[in-house]
Engineer: 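Structure incoming, see below.
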Protein chains: 2
Amino acid sequence: MKVSTKGRYALRIMIDLALNDNGKFISLKEIAKRNGISVKYSEQIISMLNKAGYLETARGNNGGYKLNRKPEEYSVGDILRASEGDLAPITCLEEDGQCSKKGDCITFSFWEGLDRAINDYVDSKSLADVIKG
Amino acid sequence: MKVSTKGRYALRIMIDLALNDNGKFISLKEIAKRNGISVKYSEQIISMLNKAGYLETARGNNGGYKLNRKPEEYSVGDILRASEGDLAPITCLEEDGQCSKKGDCITFSFWEGLDRAINDYVDSKSLADVIKG
DNA sequence: GCAATTCCTAGTAAAATGGTAGTATAATAA
DNA sequence: TTATTATACTACCATTTTACTAGGAATTGC
């Protein structure tokens, strides 16, 4: 039941982008350095956030990344799902992997409730909330 | 963020013990068979529940396991923590592994909140609740 | 053209997961 | 007392996942 480094670093990267936002693009090199993550690993993580449509990017010299929206408009749930994948605590609950025994599974609704508790929490917090602390 | 088979099977084993309770000891062989788990793997899992003090056991012929208390008196949280270990979503939050940067970690209280959401939910549900569905 | 940057894909060591296997110990029934 | 049935304990192992590293192609600004 652990969140992997991908999810944890993704959140840190998003926070870094929010805190250092000056309108210009911020290079991964800076972000990675500030957060003590290797540039190469950061690349993979930020790529997932980018593919999810959460960033604006520019290649080439003076390129980099910046946030697409205001920090209030990102839920941490979205950030974690983009980087970690589905947050469902058991595979039966994942979006595409529906369990065939779902109907007569005695534990199903318990796990469904846990899934809801987790997602409700992470969706109730915005990036701005995390920064405010 | 997945619950492992240990946690899932532990819950199933506890439910099986509750549903088939007739005052006598129930052998692992039966439990394992009913739940489609190997006897040997079940052994490891039930051993954790036993060490946590949740069962009464008897060795030898006609031996086996039975619940120690009423199904209402077990929280699923206890069962999962006994089988899965700490449910903390990040290691910094584990009971003994306290993070030194805790104070100035911008994400700490967010994860703390997630930890609370998870534990509050699983502790709010008893074994009896799961069985009732 | 060259330096700085993102984008994409492959590889890899270490750890965790999900088991199997063997043996010792205990209780009971014959 | 011996065979049988069970738990208790410990070691082992294959597969998968995690947490990276590495290399190179494409793009842009100067």
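By convention in this document, chain letters (A, B, ...) are assigned in the order of the sequence lines, proteins followed by strands, and residues within each chain are numbered from 1.
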Engineer: Under 4.0 angstrom, heavy atoms only, what part of the nucleic acid is A:Y65 near: base, sugar-phosphate, or nothing?
Structural biologist: sugar-phosphate
Engineer: Does the ring center of B:Y65 lie less than 6.0 Å from the ring center of B:Y54?
Structural biologist: no
Engineer: Taking OP1 and OP2 of C:dT6, is either one under 4.0 Å from a side-chain nitrogen or oxygen of A:S47?
Structural biologist: no
Engineer: Check the pair A:I90 / A:T107 against side-chain contact (heavy atoms from CB on, under 4.5 Å), numbers first and verdict last.
Structural biologist: CA-CA 11 Å; A:I90 56 171; A:T107 59; 5.8 Å; no
Engineer: Does any non-hydrogen side-chain atom of A:R12 lie less than 4.5 Å from one of A:R8?
Structural biologist: no
Engineer: Expressed as a whole number of angstroms, how long is the span from B:I90:CD1 to D:dA19:P?
Structural biologist: 13 Å
Engineer: Whole-Å distance between C:dT5 C1' and A:K24 NZ?
Structural biologist: 16 Å
Engineer: Grab the CG-P distance between A:N35 and D:dA19 for me, whole Å please.
Structural biologist: 17 Å
Engineer: Nucleotide by nucleotide, 5' to 3', does protein get under 4.0 Å of the base (B), only the sugar-phosphate (S), or neither (-) in nucleotides 15-30 of chain C, counting heavy atoms?
Structural biologist: ---BBBBBB-BBBSS-
Engineer: Go through the structure and list residues passing side chain to side chain donor-acceptor pair (under 3.5 Å) with A:S47, not counting sequence neighbours.
Structural biologist: none
Engineer: Using whole Å, what does the distance between atom P of nucleotide D:dT5 and atom CD of B:E30 come to?
Structural biologist: 14 Å
Engineer: Return the value, rounded to whole Å, for the distance between atom CG of A:N50 and atom C1' of D:dT27.
Structural biologist: 14 Å
Engineer: Please list, chain by chain and in numerical order, all residues satisfying side chain to side chain donor-acceptor pair (under 3.5 Å) with B:N20, sequence neighbours excluded.
Structural biologist: B:D16
Engineer: Provide, to the nearest angstrom, the distance between the CG atom belonging to A:L28 and the P atom belonging to C:dC8.
Structural biologist: 14 Å
Engineer: Do B:L11 and B:L127 have side-chain heavy atoms sitting under 4.5 Å apart?
Structural biologist: yes
Engineer: Could you state the CE-P distance from A:M48 to D:dA19, rounded to the nearest angstrom?
Structural biologist: 11 Å
